[in-house]
Number of protein chains: 2
Amino acid sequence: MTSTQPENLPEISPAEWEVMRIVWTLNGAQTHELISSLQEKMDWTESTIKTLIRRLQQKGYLQRQGTQRPYVYQATITEQAGINQQTDALFANLCAMHVGPTLIRLVKNNTLSQQDLTELSQLIATKQATAPAVVACDCLADCQVENQGECHE
Amino acid sequence: MTSTQPENLPEISPAEWEVMRIVWTLNGAQTHELISSLQEKMDWTESTIKTLIRRLQQKGYLQRQGTQRPYVYQATITEQAGINQQTDALFANLCAMHVGPTLIRLVKNNTLSQQDLTELSQLIATKQATAPAVVACDCLADCQVENQGECHE
DNA sequence: AAAATAAGTCTACAATTGTAAACTTAACTC
DNA sequence: GAGTTAAGTTTACAATTGTAGACTTATTTT
């Protein structure tokens, strides 16, 4: 897997993630926008949201625009970069053997556009040229050596 | 997305996840196996590992086998179920518009077996019949209505 | 300019998580 | 069966996270 930690920023927590989504979606947002958007979805007080905004600034994911007071908060990384960070963190800890079935399941369960599917399909065709017959488990340091494929049995 | 919370067990934390991987891989394990396996990878004391084992039991993810003392700890959910739980939790919080590119990236960056690729390819062919031209953002409750596709611009 | 409001900061506190020492109990070894 | 060792339990403590009240400072309104 390729690791995509843009800098070495600390991770975005689930609650903080909700704030980032709005900022990304609106391409920057003011406090009151964040408050009203988030309160439609989450049962949070203003105070909670302000805390999350502050922590995201401290962590380096949000930056204020300008010096006048209705500040606009901007994200310091793109949404896709944020998503990559989250997915990479997750996939880095999955058994290699289970990644295939997991991706199949995700493709199955999510709505993809025609273009996504076309791209995927091309990508797969390319990969088929060099794909191995099986992907071995990599959960144990010595799995291949000692268990010779006997792990997960 | 399909939600896969097998029961309503609390979530498995990252450190706990490492323990589960070994249990899954070895199809059940004793304390000393967990300790030696994990210490090859993580810089943890025995004590830390014992704590994680205990918490996993409390959370309902590990169960002891038998009554004699070298207990064997068994997982109460399959590895794939655990992985599904983790990935579903993550994907449930991604903007629908970004799921496609994210899956493409994951397929690109991971090693898949010939069979995985074949299955994926068939799945994609099936999906192409009914896939929409575009997948709209679902970050804001009223994104479609109010922003008419203007979000994320 | 005074009042009202919105924005921002400070402080707080409980739950979860990472990390681990110390203690107890069962099992194995001589 | 006494001692050693492995396993299991209890307790602990700091960091992070979720959650939020209270206070301060700008900004806007009348």
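Each chain gets a letter, A, B and so on, in the order the sequences are listed, and its residues count up from 1.
- Rounded to whole Å, atom C1' of C:dT16 lies 14 Å from atom OH of B:Tyr61.
- For the pair A:Lys41 (side chain) and A:Glu18 (backbone), a donor-acceptor distance under 3.5 Å is absent.
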From CA spacing to verdict: side-chain hydrogen bond (donor to acceptor under 3.5 Å, both in side chains), A:Thr48, A:Thr51: CA-CA 5 Å; A:Thr48 296; A:Thr51 297; over 6 Å; no
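- Atoms CD (B:Gln30) and C1' (D:dT5) sit 14 Å apart, rounded to a whole Å.
- Contact annotation: B:Lys50 side-chain N/O to C:dT24 OP1/OP2 distance is not under 4.0 Å.
- Considering only side-chain N and O atoms, B:Thr31 lies under 4.0 angstrom from the phosphate OP1 or OP2 of D:dG8.
- To the nearest angstrom, P of C:dT17 lies 10 Å from CG of B:Leu56.
- Close to D:dT19, at under 4.0 Å from its OP1 or OP2, lies no side-chain N or O of A:Thr51.
- Contacts of A:Pro14 with the nucleic acid, taken as non-hydrogen atoms under 4.0 Å apart, involve only primed sugar atoms and P, OP1 or OP2.
- Contact between the side-chain N/O atoms of A:Tyr71 and the OP1/OP2 oxygens of D:dT27 is not found at any separation under 4.0 Å.
- Atoms CD1 (A:Ile35) and P (D:dA20) sit 13 Å apart, rounded to a whole Å.
- In this structure, A:Arg55 places its CZ atom 12 Å from P of D:dA20, rounding to the nearest Å.
- Nearest-nucleotide positions on DNA chain C place A:Pro70 closer to the 5' end than the other of B:Ala15 and A:Pro70.
- Within the 3.5 Å criterion, the main-chain N or O of B:Ala133 finds no donor-acceptor partner in the side chain of A:Gln115.
- The local environment of CD in A:Gln63 is sparse, with at most 12 non-hydrogen atoms from other residues, nucleotides or ligands closer than 6.0 Å.
- Atom CZ of A:Arg54 and atom P of C:dA12 are 13 Å apart (whole Å).
- When heavy atoms are screened at a 4.0 angstrom cut-off, A:Thr48 is found touching base atoms of the nucleic acid.
- A side-chain donor-acceptor contact under 3.5 Å links B:Thr87 to the backbone of B:Asn84.
- When the side-chain nitrogen and oxygen atoms of A:Trp44 are compared with OP1 and OP2 of D:dA20, none of them lie within a distance under 4.0 Å.
- Per the geometry, CD belonging to B:Gln68 stands 18 Å off P belonging to D:dA6, to the nearest Å.
- For B:Arg69, the listed nucleotide lying nearest its side chain is C:dT25; candidates were C:dT25, D:dA20, D:dA26.
- Rounding to whole angstrom units, CG of residue B:Leu52 and P of D:dT10 are separated by 17 Å.
- Taking side-chain N and O atoms only, A:Ser13 has a distance below 4.0 Å to OP1 or OP2 of D:dG18.
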